[in-house]
Number of protein chains: 2
Amino acid sequence: MRQLAERLGVVPMALYKHVADKEDLLDGIIEILLADLPRPAAGARREWRGAVVASIAAMRELHPAHPWLRRVLETRTLRTPAVLGHMEHLTSLFLAGGFSADLTHHLMHLLGNRIWGFSPELFNEAPGGTAPRRSTAALPDPGDYPGILAIATDARARRPDATGCDEDFEFDFALDVILDAAERLRRARWSSPPA
Amino acid sequence: MRQLAERLGVVPMALYKHVADKEDLLDGIIEILLADLPRPAAGARREWRGAVVASIAAMRELHPAHPWLRRVLETRTLRTPAVLGHMEHLTSLFLAGGFSADLTHHLMHLLGNRIWGFSPELFNEAPGGTAPRRSTAALPDPGDYPGILAIATDARARRPDATGCDEDFEFDFALDVILDAAERLRRARWSSPPA
DNA sequence: ACCTGAACACCGTTCAAGT
DNA sequence: ACCTGAACACCGTTCAAGT
C-alpha cells in the first residue's frame, strides 16, 4: 500500500478511495491479469485433453513476467469472476469430454494449483546447499541423505550445465500423469463410492 | 515474536538470545514437531506403497492439532535435518522399491506438498458463496458457472449434511492416482528422454 | 549467560479535515 | 469526487546497556 502510493506519487490513504483494502486491490489485479486469458474450446468430445493442456499452458505463461503472481494466487480467498471463469472453463472441458461431475470434481482437486500454472517447490536447494543464513540449525551432511543425493547426482548427470530442476519438465510430467489417469478413470466409468 | 514474548512474560528482544530470527524459530518448531514422525520401513521390495502411504498419513495426522502447520511448511526455505529426513525417507522407499533415481525424482515433484500431508485448497467457497467482504468486485452469479454449479450440486447430493468438500477423500484419491501411476511407470521402466 | 529499554524502519488502516 | 495529515495499532530487529 505505502509502496504503491509512493510509486503513484500520492499519500497512502488516497488509495482507499479506489479499493476497499489490500485484499481487494490484489483481487482486482488478478481479475485484470486473467481477463485476457485464452479459453480454447475443445473441437470435439475427444479433444478435451488438448484444450485443457492449452488452457493451463496459457495460465503458466503468465508467470515469468509476474514473479509475484504465484504468491498472490496462493493467498486469494475470494472467488472473483475471472478466477471462477478459469475454473469454470476447465470444468466445462472435462464435463463436455464425458467426465461425470463427480470425477471432474476430484480431478480439479488433483490438479490443484497446477490449474494456475505452477506447482509446489520441493527441492529448490540441494542438501548441504547454499543458504547464506546464520541459523541455529547445523549444516546437514549429504552423507546422511543417500537417497536425495542419488537423485541429485542423477539429475545433474542428465543436465550437466543446469543450476536447478527443470521446472517445465516436472510440470509437464505431472500434467501428463494426471491427465493419463483422468482418461483411464473416465473410460472405466469411475465414480465415488457411496458415503 | 512480540506475541510469543508476551506469552512468555518477557520482553521481545530476549528471544534473540535463543533464535537467530523469526525464520530460525519456525524452522526449529518444525524440527521438533517432525522429530517423532514414524518412519515405517517397507518389509519387502513390493511393499513400498504401503510404507509410503503410512508415512504420508502420519504426516497428515499432525495437521488437525496444528492449524498453522500448513502455512509454516509452505514458507520454509531452509532444508533442515527433519525436513530432509522426511524427504529422504520417502525417496529411499521408492528407490528400495525398484524405482530409478530419475523416476523417483519426478514422483517426488508430482507428490509435491502432499508429502507434507496437505493439498492445495481450491473450492473452499461455493460460487456466490459466503464471503462477508465489502469488496469492489461484484457478486458472481452462479448461473454464469454452470459447470462448477453442476459439480457443487452433485457433491451436495452425495453428502447432504456436509458443509464443504471431503478433504480426506480428495487427499486419498489424489494419493491413489499418483501411486497407481507410479507403479505403472515403474513396471514400464519409464525414464526421462535425453536432454 | 541472559534480559532490558529505547529506538529504527517498517506495515495496513481509521478518522476528520481539506479542495 | 478525490486527496491530505496526523494518528493508531501493529510488525521484526539493532544496539548499547544492565545483572
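Being a predicted model, the structure only gives us computed values, none of them experimental. Each chain gets a letter, A, B and so on, in the order its sequence line appears, and its residues count up from 1.
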* **Between C:dC10 (P) and A:Glu6 (CD): distance, integer Å** => 10 Å
* Close side-chain approach of B:His109 and A:Cys165, heavy atoms under 4.5 Å -> yes
* To do: Using whole Å, report how far CE of A:Met1 lies from P of C:dG12.
  => 6 Å
* Structure fact -> note: A:Leu4, atom CG; C:dC11, atom P; distance rounded to Å ~ 12 Å
* To do: Considering non-hydrogen atoms only, spot the tightest contact between B:Pro120 and A:Gly112 and give its length.
  => CG-CA, 3.7 Å
* Nearest to the side chain of A:Tyr16 - D:dC2, D:dT13, C:dG12? -> C:dG12
* Asked: Ion pair present between B:Asp154 and B:Arg158, side-chain N to carboxylate O less than 4.0 angstrom?
  -> yes
* Salt-bridge test for A:Arg186 and A:Glu183: reply yes if a basic N is under 4.0 Å from a carboxylate O, no otherwise. => yes
* Tell which nucleotide pairs with C:dT13, taking only Watson-Crick or G-U wobble pairs whose two distances are both under 3.5 angstrom. => D:dA7
* Asked: In terms of side-chain heavy atoms of A:Lys22, which of C:dT4, C:dT13, D:dG12 is nearest?
  -> C:dT13
* **Nearest-angstrom distance from the residue atom CG of A:Leu15 to C1' of D:dG5** => 15 Å
* **Below 4.0 Å: OP1/OP2 of D:dC11 and any side-chain N or O of B:Gln3** => yes
* Any idea which of D:dC2, D:dG12, D:dT4 is nearest the A:Ala14 side chain? -> D:dT4
* Asked: Please give, in whole Å, the distance from C:dC8 P to B:Met13 CE?
  -> 15 Å
* To do: Take the protein atom CG of B:Asp21 and the nucleotide atom P of D:dT14, then report the distance between them rounded to whole Å.
  => 8 Å
* Answer yes or no: does a side-chain N or O of B:His18 lie under 4.0 Å from OP1 or OP2 of C:dC3? => yes
* Return the value, rounded to whole Å, for the distance between atom CZ of A:Arg2 and atom P of D:dC8. => 14 Å
